[in-house]
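Report on one structure; see the data block that follows.
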Amino acid sequence: MSGSLRPGPSGWRRAASVVLAAGWTRPGPAAPPPAEGFRLLLLQRSADQGFVPGAHVFPGGVLNMADCSADWLSLFAPHHRPPRFGLGPVPPARNAFPERPDAGDSRGPQDAGDPRALPDDVAFRICAIREAFEEAGVLLLRPRGTWGPRDSGPAAAELGRALEPPPGLTDWRARVRSDAHHFLRLCAHLDCTPDIWALNDWSGWLTPFTRSGARRFDTTFFLCCLLERPPVYPDLAEVVDYQWSSPSEATQSFISKKMWLPPPQFYEVRRLENFASLSDLHKFCLDRALEGLERWLPITFVTADAMIQLLPGDELYLEDSHFLENLLSTEKKTEEILKDVKTFHRIVIYSRHVYSIYVTVQSKYKHIYPKNYVANKNHL
């Protein structure tokens with residue numbers, strides 16, 4: 001059965017996030033390099049936030065009408081024009097389940113009536129870049145006219161660079177937080193455009209159903225490889241702290257309860273442990289640039305001793321609209337469930353800091369999945 005994203009009371013909000021992977025610079029002889037040769041920016045959300053309070057997450061937030069606005073056209077001109085603004089060919093659509101209510105229209109629903117509104121590929125990148133500025137003070141901007149589009153050759157091979165924060169960072173950020181249209185005005189003031197070309201398609205995660213009325217998001221994840229770590233200035237409202245961690249360091253911090261990662265972030269951190277260096281990761285992103293991204297809606301399966309997030313390809317995953325607003329459940333323990341099936345793609349959540357990942361399915365579209373990770377249940 002197919003299903004639409006708005007079948008019931010939970011509702012969905014479209015959002016974007018950017019995984020910032022930065023080159024590692026040895027600060028001194030006593031500091032060993034991370035195993036993967038790069039670090040990820042993880043922001044700690046305030047405990048007062050209504051969604052995943054206290055979690056360490058990648059920068060991101062909800063799509064705003066300002067991100068889709070046709071007012072951006074004049075800033076991107078004359079070097080970059082619709083429909084793709086130099087991003088290259090349109091990637092093929094992946095994952096028909098669940099169907100978006102605005103399927104067939106690449107613009108956000110709030111701007112579908114404006115033929116000049118930006119396409120999703122551009123608007124979501126602007127959203128992620130704006131949120132990185134709002135939450136962390138990181139400006140992923142490019143001076144106008146300095147680089148060509150992605151398909152022009154050398155620009156595609158360049159690692160990204162963040163712009164130095166402008167004077168009056170606090171004031172600009174306050175204005176953008178109060179009205180997202182001010183981000184366009186900031187870019188115009190700096191004579192820059194959002195560096196949409198540095199953001200690579202990575203993944204898409206939809207918040208699974210766990211209880212009625214909970215907040216749910218349809219989030220597009222991008223990955224941006226930066227030559228070096230930019231300075232970070234948490235807003236001290238939504239974000240109270242941050243750290244740069246390699247994927248393996250982030251896993252260890254999660255296990256030792258120094259940070260909490262929601263399941264999608266844990267999955268992505270584990271996926272990124274497959275890469276030995278920033279150059280390997282960057283090349284991987286460029287090689288699969290035309291493949292697009294998969295959008296996954298985990299299905300929640302409650303067992304006697306854990307909660308399982310089933311992902312597409314798992315033997316028990318059902319593309320059924322019933323599970324957009326309902327759980328699967330059993331009185332069996334998780335170990336019994338594991339013995340009953342052979343094809344896995346799932347995250348098993350035993351407690352807040354004890355997750356396992358089981359993957360036996362083949363990855364698609366030139367992407368890569370995490371290796372199996374079985375948690376030490378002595379940590380329970």
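Positions are given from 1 along the sequence. Both backbone and side-chain heavy atoms feed into the values below; hydrogens, waters and symmetry mates do not.
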Do [X] and [Y] come close enough that some side-chain heavy atom pair is under 4.5 Å?
| X | Y | result |
| --- | --- | --- |
| Val122 | Asp67 | no |
| Phe344 | Leu338 | yes |
| Cys192 | Leu163 | yes |
| Glu294 | Pro312 | no |
| Asn200 | Leu286 | yes |

For [X] and [Y], indicate whether the former's side chain and the latter's backbone hold a donor-acceptor pair under 3.5 Å.
| X | Y | result |
| --- | --- | --- |
| Thr330 | Thr303 | no |
| Trp72 | Ala66 | yes |
| His353 | Phe254 | yes |
| Asn274 | Tyr369 | yes |
| Glu336 | Lys333 | yes |
| Trp197 | Phe85 | yes |
| Arg144 | Ala77 | yes |
| Glu325 | Phe209 | no |
| Trp205 | Phe221 | no |
| Thr207 | Phe217 | yes |

Going by the salt bridge (Lys or Arg N to Asp or Glu O under 4.0 Å) test, name the single residue among Arg94, Arg125, Arg288 that passes it with Asp201.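 The option that passes is Arg125.
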
Using 0.5 Å steps for rounding, measure from the CG atom of Leu75 to the NE2 atom of His80.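 The CG atom of Leu75 sits 10.5 Å away from the NE2 atom of His80.
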
Distance from Glu331 atom CD to Asp305 atom CG, nearest 0.5 Å?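 Here the rounded value is 13.0 Å.
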
Contact summary for [X] and [Y], nearest pair of heavy atoms:
| X | Y | result |
| --- | --- | --- |
| Arg175 | His182 | O-CD2, 3.4 Å |
| Ser203 | Arg271 | CB-NH2, 3.8 Å |
| Tyr355 | Pro263 | OH-CD, 3.6 Å |
| Ala276 | Asp280 | CB-OD2, 3.8 Å |

Derivation and outcome, side chain to side chain donor-acceptor pair (under 3.5 Å), residues Asp320 and His322: CA-CA 5 Å; Asp320 188 329; His322 174 76; 5.7 Å; no

Of the options Arg270, Glu273, Glu36, which is the one that meets Ser248 in a side chain to side chain donor-acceptor pair (under 3.5 Å)?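 Answer to the side chain to side chain donor-acceptor pair (under 3.5 Å) test with Ser248 among Arg270, Glu273, Glu36: Glu36.
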
Please test Arg295 against Asp218 for salt bridge (Lys or Arg N to Asp or Glu O under 4.0 Å), starting from the C-alpha separation and ending with a verdict. CA-CA 9 Å; Arg295 291 170 56 251; Asp218 175 5; 3.7 Å; yes

His367 ring center within less than 6.0 Å of Phe284 ring center: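 Yes.
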
Could you walk me through whether Tyr267 and Trp296 pass the ring pair (Phe, Tyr, Trp, His ring centres under 6.0 Å) check? CA-CA 12 Å; Tyr267 184 100; Trp296 291 340; 5.5 Å; yes

